[in-house]
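Have a look at the structure below before the remarks.
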Amino acid sequence: MPDLLANLNPEQLAAVTLPNEPALILAGAGSGKTRVLITRIAWLIQQGYATPTTILAVTFTNKAAKEMMARLTAMMPIDTRGMWIGTFHGLCNRMLRAHFRDAGLPQTFQILDTADQLSAIKRLMKGLNIDDEKYPAKNLQYFINNAKEQGLRPKDVDATDSFNMKFVELYAAYEQQCQREGVVDFPELLLRCYELLAHNPPLRAHYQARFRNILVDEFQDTNKLQYAWLKMLAGEHNAIFAVGDDDQSIYAFRGANVGNMHDFEREYHVRNMIKLEQNYRSHGHILDTANFLIAKNSRRLGKNLRTDAGHGEPVRVYEAATDTQEAAWIVEEIKAMIHAGAARGEIAILYRSNAQSRTIEHTLVNAGIAYRVYGGLRFFERQEVKHALAYLRLIDNPNDDTAFARVVNFPTRGIGARSIEQLADAARLYNCSMAAAVPYVTGKAGSSIGAFAQLIAKMRAETQQMSLPETVEYVIRTSGLAAHYENEREGQDRLENLQEVVNAAAAFVQEEGYGLDTPARSIPLRPGATNAPEIGLATDDPSVDVLDPASPADPAQNPDTMTPLAGFLSHASLEAGDNQAQAGQDAVQLMTVHAAKGLEFMAVFITGLEEGLFPHENSAQESDGLEEERRLAYVAITRAKERLYLSFAQSRMLHGQTRYNIRSRFFDELPEESLKWLTPKVEAGARWGGRSDNAGWGRDWFARPGQERGERAAYTDPDAGKPLPAFANNQRAADTGFKVGQPVFHTKFGEGTVIALEGSGADARAQVRFKRHGEKWLALAVAKLQAVE
DNA sequence: GGCCTATGCATTTTT
DNA sequence: TGCATAGGCC
């Protein structure tokens with residue numbers, strides 16, 4: 001039996017071995033959060049406090065869910081078949097598939113992703129002749145999703161003004177449309193699942209009796225609905241083991257409610273709040289910087305990270321004249337690091353908004369440095385892939401008008417906008433889907449649309465017995481998609497992507513454990529399965545023990561509640577795939593601060609630390625906006641393991657205009673002792689207070705002798721080339737007059753000893769351990785430090 | 001139907 | 001500035 005508890009620190013140990021009661025684990029950045037979570041699961045099972053079937057572990061991203069599953073099985077051989085580990089949406093989908101009838105859904109319901117949802121809304125509004133200048137589709141989408149995330153159906157929304165009343169009306173119409181088409185959007189998955197449990201006491205009792213152990217990752221990111229869903233499953237007696245970090249809550253804009261942490265603590269009378277403050281990632285100066293900054297936030301649960309790693313390097317700060325010059329400096333630093341043997345993949349460049357990446361990318365390209373940018377189009381979001389999926393969806397669920405509208409005339413088959421409008425009118429008139437309305441349209445429109453309907457019918461018939469990969473391949477060919485892209489000049493990539501869909505289908509079949517010949521559209525019996533899927537649950541027969549994992553009456557026990565095709569389509573919607581180009585390549589990593597959450601790098605650049613950008617100007621209008629920006633900066637800082645750079649530029653090209661920014665207020669909230677200004681620090685007052693005319697300011701105010709005006713010297717850090725990990729004390733004492741071990745005296749801090757030196761000339765700094773004031777970095781040009789004999 | 005131009009818009013994003 | 005989208009034109 002593996003010793004799961006070996007090498008845990010006392011707080012981690014305490015968290016892992018808590019009694020089965022509500023618990024809130026405040027897990028700081030880099031504190032071993034995932035480790036605690038999975039060790040907790042393994043320990044519960046090992047000790048006999050839980051079985052795999054009693055465990056439900058929920059995360060936000062598929063990546064996190066996969067990592068959890070992988071590390072768990074690596075830690076301990078566990079039969080994960082009965083375990084529910086997944087994202088909120090994935091688990092809700094699973095439950096809705098198992099109980100589709102009780103949930104009021106067709107068995108083949110399809111999931112709309114955000115783009116599908118928007119086009120469904122646009123179609124709805126067009127049909128109702130709604131002026132989309134006055135009621136923009138995007139706003140309605142936001143309104144609907146927001147309402148759902150508050151758990152509100154149209155009848156529950158309080159609308160006082162005519163504008164909102166219209167939105168409520170449209171929300172209701174949208175719901176009807178979705179219901180008729182058999183589609184659900186993302187928030188609907190959660191709300192529908194919540195209502196399923198709320199309105200069905202036997203079902204609720206079943207799952208409550210089953211999931212005795214509920215574990216939640218990134219709890220600070222939960223929204224109201226997700227929290228309500230968790231409470232529903234927990235009932236009166238189940239333990240929720242919530243792990244999160246209020247200081248890393250950066251998703252308020254999409255509904256995350258940090259308040260859930262306080263609420264959870266209060267509502268469940270949490271006796272077990274454990275703080276994981278030991279950080280295993282960053283060196284001391286980096287942590288001090290993070291701690292100092294986040295301390296400026298109010299309403300924290302309170303936490304201070306510590307490390308055994310030593311101070312390490314100071315945080316380097318750089319002021320550039322322009323964004324271009326900032327990028328040039330970054331590239332020089334990176335070159336030096338690479339030269340010293342650093343791996344490109346261990347270097348990250350972070351920015352607040354995507355627009356900032358362009359300048360940096362250009363500079364990297366010119367320097368010939370491999371990089372990769374996070375974000376952008378994901379595999380299942382590509383046009384050609386979505387087209388292929390639309391045909392597959394129509395085969396599975398002909399009422400899916402979003403899919404129908406998408407491909408009825410793609411590849412083009414002479415069905416124009418007018419014909420489609422006629423069909424949509426007919427569908428509205430007969431209150432049916434477009435596919436069902438085909439017989440009602442006549443004339444030329446009727447015949448071309450009729451041919452399309454026949455094509456779909458033929459596909460449905462001919463794929464009846466085909467496996468999933470065969471079906472996909474058949475559809476790509478028969479739909480004419482393949483031929484279309486073969487004829488297109490630049491269709492080669494798209495063709496390859498279509499082939500990738502076939503491959504993805506084959507991989508899916510394999511991973512899900514279906515036989516390769518399993519028909520895509522029947523619910524198969526897998527080897528070892530004893531029952532056909534039963535839908536509607538054991539509630540029909542109260543004598544059946546629904547908790548018996550072997551019981552055929554427990555459909556949730558049987559993963560085979562979806563056909564391979566439905567599973568694949570769900571997979572495509574819920575897991576849109578990688579958006580990281582050239583993954584695996586050793587390349588410098590570019591991403592937004594949001595995208596960096598959860599990652600770590602040897603060296604991190606946080607760029608564009610300017611008022612208006614970071615903190616972002618729009619945050620000023622949001623309640624608690626500045627605090628969220630500060631948390632964002634905190635997340636960014638805590639990504640760095642050994643080296644951290646903070647930079648800002650006096651001027652920056654944004655939206656085609658040059659903006660002049662002042663440095664971020666966050667600099668005034670950082671510990672001066674942990675910073676090393678590579679460019680001279682200019683007090684805000686010195687520049688702004690004394691400025692009477694602004695001719696040329698910001699370009700050449702700091703030009704040094706011998707430099708051209710407006711040209712910036714390469715302020716490349718002379719230490720950048722030190723190997724990573726690098727921070728052996730710099731013994732150079734050449735021009736400082738001090739050396740390591742030297743006893744010194746400071747007028748304010750008293751007696752101390754020099755323990756490190758770095759930089760030279762005006763940048764020279766000494767780290768001093770004072771007898772009564774601890775360790776500090778002092779700029780020798782400024783500090784009045786005297787050598788003591 | 002496809003191509004071209006005019007126009008508007010630009011914080012962060014997973015499912 | 002640069003992209004996505006919409007609308008007009010051939």
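Each chain gets a letter, A, B and so on, in the order the sequences are listed, and its residues count up from 1.
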Q: In whole angstrom, give the distance that lies between atom CG of A/Leu613 and atom C1' of B/dA10.
A: 12 Å

Q. Checking all strands, does A/Asn409 fall into the base, sugar-phosphate, or nothing category for heavy-atom contacts under 4.0 angstrom?
A. sugar-phosphate

Q. How long is the line joining CZ of A/Arg352 and C1' of B/dT13, in whole Å?
A. 11 Å

Q: Consider the side chain of A/His594, meaning its heavy atoms from C-beta on, and name the nucleotide among B/dT13, B/dT11, B/dT15 that approaches it most closely.
A: B/dT13

Q. Should the pair A/Lys138 and A/Tyr142 be classed as cation-pi, given the thresholds of under 6.0 Å to the six-membered ring centre and 45° from the axis?
A. no

Q: Using heavy atoms to find the nearest nucleotide of DNA chain B for A/Leu632 and A/His484 separately, return the residue whose nucleotide is more 5′.
A: A/His484

Q) So, A/His89 and B/dT15: ring centres less than 5.5 Å apart, planes less than 30° off, yes or no? A) no

Q: Would you indicate which nucleotide in B/dG2, B/dT14, B/dT12 comes nearest to any side-chain atom of A/Thr412?
A: B/dG2

Q: State, without any angle test, whether A/Asp400 and A/Gln110 hold a side-chain donor-acceptor pair at a distance under 3.5 Å.
A: no

Q) Considering heavy-atom distances to DNA chain B, does A/Ile415 or A/Ala576 have its closest nucleotide positioned more toward the 5' end? A) A/Ile415

Q. If you look at every strand shown and take non-hydrogen atoms under 4.0 Å, does A/Glu488 touch a base, only sugar-phosphate, or nothing?
A. nothing

Q: Quick one: label A/Asn62 by what it contacts on the DNA or RNA (base, sugar-phosphate, nothing), any heavy atom closer than 4.0 Å.
A: sugar-phosphate

(Q) Checking A/Asp624 now: which residues fulfil side-chain hydrogen bond (donor to acceptor under 3.5 Å, both in side chains) with it, not counting sequence neighbours? (A) A/Arg299

**Q.** Sub-4.5 Å side-chain heavy-atom contact between A/Leu389 and A/Phe380
**A.** yes

Q. Without hydrogens or angle criteria, can the side chains of A/Arg372 and A/Gln589 be said to hold a donor-acceptor pair below 3.5 Å?
A. yes

Q.
Tell me the interatomic distance from A/Glu575, atom CD, to B/dT14, atom P, rounded to whole angstroms.
A. 13 Å

Q | Sub-4.5 Å side-chain heavy-atom contact between A/Phe667 and A/Ile662 | A | no

Q | Sugar-phosphate, base or nothing in reach of A/Asp113, heavy atoms under 4.0 Å | A | nothing

Q: Would you mind reading off the distance between A/Lys148 atom NZ and B/dT15 atom C1', rounded to a whole angstrom?
A: 13 Å

Q: Please determine if a side-chain N or O atom of A/Asn354 lies less than 4.0 Å away from the OP1 or OP2 oxygen of B/dA10.
A: no

Q) Whole-Å distance between B/dT13 P and A/Lys63 NZ? A) 14 Å

(Q) I'd like to check the salt bridge (Lys or Arg N to Asp or Glu O under 4.0 Å) partners of A/Glu617; sequence neighbours left out, ordered by chain and number. (A) A/Arg659

**Q.** Length of the CG-C1' vector between A/Leu189 and B/dT14, whole Å
**A.** 13 Å

Q) If you measure from the C1' atom in B/dT12 to the same atom in C/dT5, how many Å do you get, rounded? A) 23 Å

Q. In B/S/- notation, 5' to 3', how is nucleotides 1-10 of chain C contacted by protein heavy atoms closer than 4.0 Å?
A. BS---S----

Q) With a distance cut-off below 6.0 Å to the six-membered ring centre and an angular limit of 45° from the axis, does A/Arg406 pair with A/Tyr391 as a cation-pi contact? A) no

Q. Reckon A/Thr114 touches a base, only the sugar-phosphate, or nothing at all at heavy-atom distances under 4.0 Å?
A. base

Q: Applying side-chain hydrogen bond (donor to acceptor under 3.5 Å, both in side chains), name anything that partners A/Glu610, two or more places apart in sequence or on another chain.
A: A/Arg652, A/Asn661

Q: Using whole Å, report how far CD of A/Gln117 lies from P of B/dT14.
A: 16 Å

Q. Tell me: CG of A/Leu569 to P of B/dT15, nearest whole Å?
A. 18 Å

(Q) Does anything in residues 252-259 of chain A come within less than 4.0 Å of DNA chain B? Heavy atoms only, and list the residues if so. (A) A/Phe253, A/Arg254

Q.
My understanding is that only residues two or more places apart in sequence, or in another chain, count here; which of them pass ring pair (Phe, Tyr, Trp, His ring centres under 6.0 Å) with A/Phe264?
A. A/Phe219, A/Tyr268

